[in-house]
Amino acid sequence: MRTAVIIVAAGRGTRMGGEIPKQWQLLAGKPVLAHTVAAFAGMQVLMVIHPEDRDRAAALGVPVVEGGATRDASVRAGLAALEGTGVEAVLIHDGARPLVSCGLIDRLIAALDRHDGAAPALAVTDALWRGTEGRVSGTLDRTGLYRAQTPQAFRLAPILAAHRAHPGGAADDVEVARAAGLDVVIVEGDESNLKLTYPGDFARAEAILRGRTMDVRLGNGYDVHAFCEGDHVWLCGVKLPHGKGLLGHSDADVGMHALTDAIYGAMAEGDIGRHFPPSDPQWKGAASHIFLSHAIALARSRGFDLGNCDVTLVCERPKIGPHALEMQAEIARIMAVEAGRVSVKATTSERLGFTGREEGIAAIATATLVRA
Ligand SMILES: Nc1ccn([C@@H]2O[C@H](COP(=O)(O)OP(=O)(O)OP(=O)(O)O)[C@@H](O)[C@H]2O)c(=O)n1
Ligand SMILES: C[C@](O)(CO)[C@H](O)COP(=O)(O)O
């Protein structure tokens with residue numbers, strides 16, 4: 001089912017206060033909405049914003065539509081914008097809930113296969129009182145009561161119809177769906193998926209972010225290319241004049257191939273051959289930055305970024321030392337990371353083996369991918 005995410009972010013955050021609306025305030029150094037958008041990495045996202053926030057929203061690089069004066073009017077604007085685009089299902093999420101987890105998103109999508117709607121909630125575990133003028137004036141039975149969260153997941157057509165038929169004033173989309181007779185299943189919510197509502201919530205969210213374990217993946221790559229007749233070699237994106245060339249289907253950049261394989265390896269995504277088969281003539285003579293760019297883009301589409309990488313070239317000649325900094329800069333440029341995350345170095349094999357006899361060049365590479 002083609003699924004999109006609507007992030008509603010057109011509110012003014014009056015209970016939170018502050019100079020700018022809460023969803024644009026900084027949480028652990030980034031706007032709240034940057035965390036929220038990142039939580040849905042790899043999915044189609046549409047953000048619903050207030051007209052005054054257009055400039056702020058541009059920096060997040062996701063499509064936007066303007067919302068309305070109430071949350072349900074904003075949701076309706078998002079749903080209407082997806083009508084007729086081929087999207088079949090939607091996750092409707094509060095921009096003010098930046099800590100939604102991949103596990104929760106997966107649970108919702110799985111549940112939507114069997115129900116009209118699926119929404120996360122947590123059973124109420126505290127006793128419930130009614131209070132009047134600061135005094136307890138009654139108690140309530142908490143049996144069967146839940147605290148509702150977002151994202152709330154639905155098929156697009158029925159939830160859009162339900163919103164159009166609703167008089168307005170609903171607390172959430174489940175209320176709208178139920179008014180239209182849709183069946184909504186409760187999936188296990190997540191205590192960390194809090195909504196930033198009052199000023200103290202920022203400190204709680206920052207504490208949760210600090211405590212979150214990073215997801216770190218490690219990959220390695222190894223490659224060899226034999227020398228052939230020629231007058232230059234490509235190594236880590238730099239063309240070096242040499243008395244021989246390197247034999248290969250592509251430009252035979254052995255260092256860049258080892259690094260690309262390390263990144264695919266970190267994602268358990270095989271190697272270059274799986275993504276760019278040597279049997280396919282379109283890759284004949286291809287520049288190897290195409291492979292490296294593809295590998296890092298695939299990692300980013302899954303919410304990862306490069307932690308660091310280290311490439312070692314094994315050869316007697318050409319001498320790598322004088323060119324290592326240029327290679328480092330080129331690899332960093334291709335992957336759009338700071339140069340300090342990229343290491344390029346070389347060793348000889350003390351004239352032993354095929355590299356020592358100058359029959360070819362070998363390269364090994366290690367890369368870490370990090371998802372915070
Ligand atoms: N007209 C509105 C009102 C709310 N929202 C969004 O709905 C989510 C949940 O709403 P809430 O936490 O109540 O946000 P605000 O309405 O901004 O807060 P307040 O009620 O304190 O003003 C938020 O991401 C908010 O930006 C929206 O898109 N359009
Ligand atoms: C949709 C919601 O997040 C469900 O808990 C919530 O109802 C929206 O925020 P509000 O504080 O009720 O306006």
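Order of appearance sets the numbers: ligands from 1, and atoms from 1 within every ligand. None of these values were measured; they are calculated from a predicted model.
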Note to self: Quick test of your reading of the structure: of Gly68, Gly17, Ala10, whose heavy atom lies closest to atom 1 (N) of ligand 1?
What the structure shows: Gly68

Checklist line | Ala258 backbone acceptor or donor facing Asp261 side chain under 3.5 Å | finding: no

Check: For ligand 1, which atoms have a heavy atom of Gly13 less than 4.0 angstrom away?
Finding: 15 (P), 17 (O), 18 (O), 19 (P), 21 (O), 22 (O)

Notebook entry, point to check: Tell me: protein heavy atom nearest atom 24 (O) of ligand 1, and distance?
Noted result: Val8 O, 2.8 Å

Check: Taking the side chain as C-beta and beyond, is there a heavy-atom pair between His275 and Glu269 under 4.5 Å?
Finding: yes

Checklist line | Shortest protein heavy-atom distance from atom 29 (N) of ligand 1, along with the residue and atom involved | finding: Ser74 OG, 2.7 Å

Check: Is any side-chain heavy atom of Gln23 closer than 4.5 Å to a side-chain heavy atom of Thr36?
Finding: no

Check: Under 3.5 Å between some N or O of ligand 1 and some N or O of Gly11?
Finding: yes

Check: Which of the numbered atoms in ligand 1 are below 4.0 angstrom from a heavy atom of Ala96?
Finding: 24 (O)

Note to self: Strictly distance-based, threshold 3.5 Å: is any side-chain N or O of Thr312 a donor or acceptor partner for the main-chain N or O of Ile364?
What the structure shows: no

Note to self: Any heavy-atom pair between the side chains of Cys309 and Ile263 that's under 4.5 Å?
What the structure shows: no

Margin query: Do Glu191 and Arg147 make a side-chain contact, defined as non-hydrogen atoms from C-beta onward lying under 4.5 Å apart?
Written below: yes

Check: Is there a protein heavy atom at a distance of less than 4.0 Å from atom 10 (O) of ligand 1?
Finding: no

Checklist line | Salt bridge flag under 4.0 Å for residues Arg333 and Glu330 | finding: yes

Check: Does ligand 1 have any atom that is closer than 4.0 Å to a heavy atom of Thr70?
Finding: yes

Check: Which ILVMFWY residues are connected to Val48, directly or by a chain of links, through side-chain heavy atoms under 4.5 Å apart?
Finding: Ile6, Val8, Leu46, Val65, Val75, Leu79, Leu82, Val87, Val90, Ile92, Phe154, Leu156, Ile159, Leu160, Val174, Val184

Check: Between Val233 and His225, is any pair of side-chain heavy atoms under 4.5 Å apart?
Finding: no

Check: Got the closest protein heavy atom to atom 8 (C) of ligand 1, with its distance?
Finding: Asp94 OD1, 3.4 Å

Item checked: ligand 1 to Ala69 polar contact by distance, N or O atoms, under 3.5 Å -> yes

Notebook entry, point to check: Can you find a pair of side-chain heavy atoms, one from Gln149 and one from Lys195, that are under 4.5 Å apart?
Noted result: no

Margin query: Would you call the rings of Tyr264 and His294 parallel, tilted or perpendicular, taking 30° and 60° as the class edges?
Written below: tilted

Check: Counting each atom of ligand 1 from 1 as listed, which ones have a heavy atom of Gly95 under 4.0 Å away?
Finding: 24 (O)

Notebook entry, point to check: Counting heavy atoms only, which of Glu66, Arg71, Lys22 comes nearest to atom 14 (O) of ligand 1?
Noted result: Lys22

Margin query: For a quick check under 3.5 Å, do Asp271 and His257 share a side-chain donor-acceptor pair by atom type?
Written below: no

Note to self: I need the contact type for Gln23 against ligand 1. Using non-hydrogen atoms and a strict under-4.0 Å cut-off, is it side chain, backbone, both or neither?
What the structure shows: side chain

Notebook entry, point to check: In terms of the angle between their ring planes, are Phe291 and Trp283 parallel, tilted or perpendicular, with boundaries placed at 30° and 60°?
Noted result: perpendicular

Next item on the list: Decide whether an N or O pair under 3.5 Å exists between Arg15 and ligand 1.
Entry: yes

Checklist line | Near ligand 2, at a heavy-atom separation below 4.0 Å: residues by chain and residue number | finding: Arg15, Arg71, Asp94, Arg97, Ala148, Thr150, Ala171, Asp172, Lys195

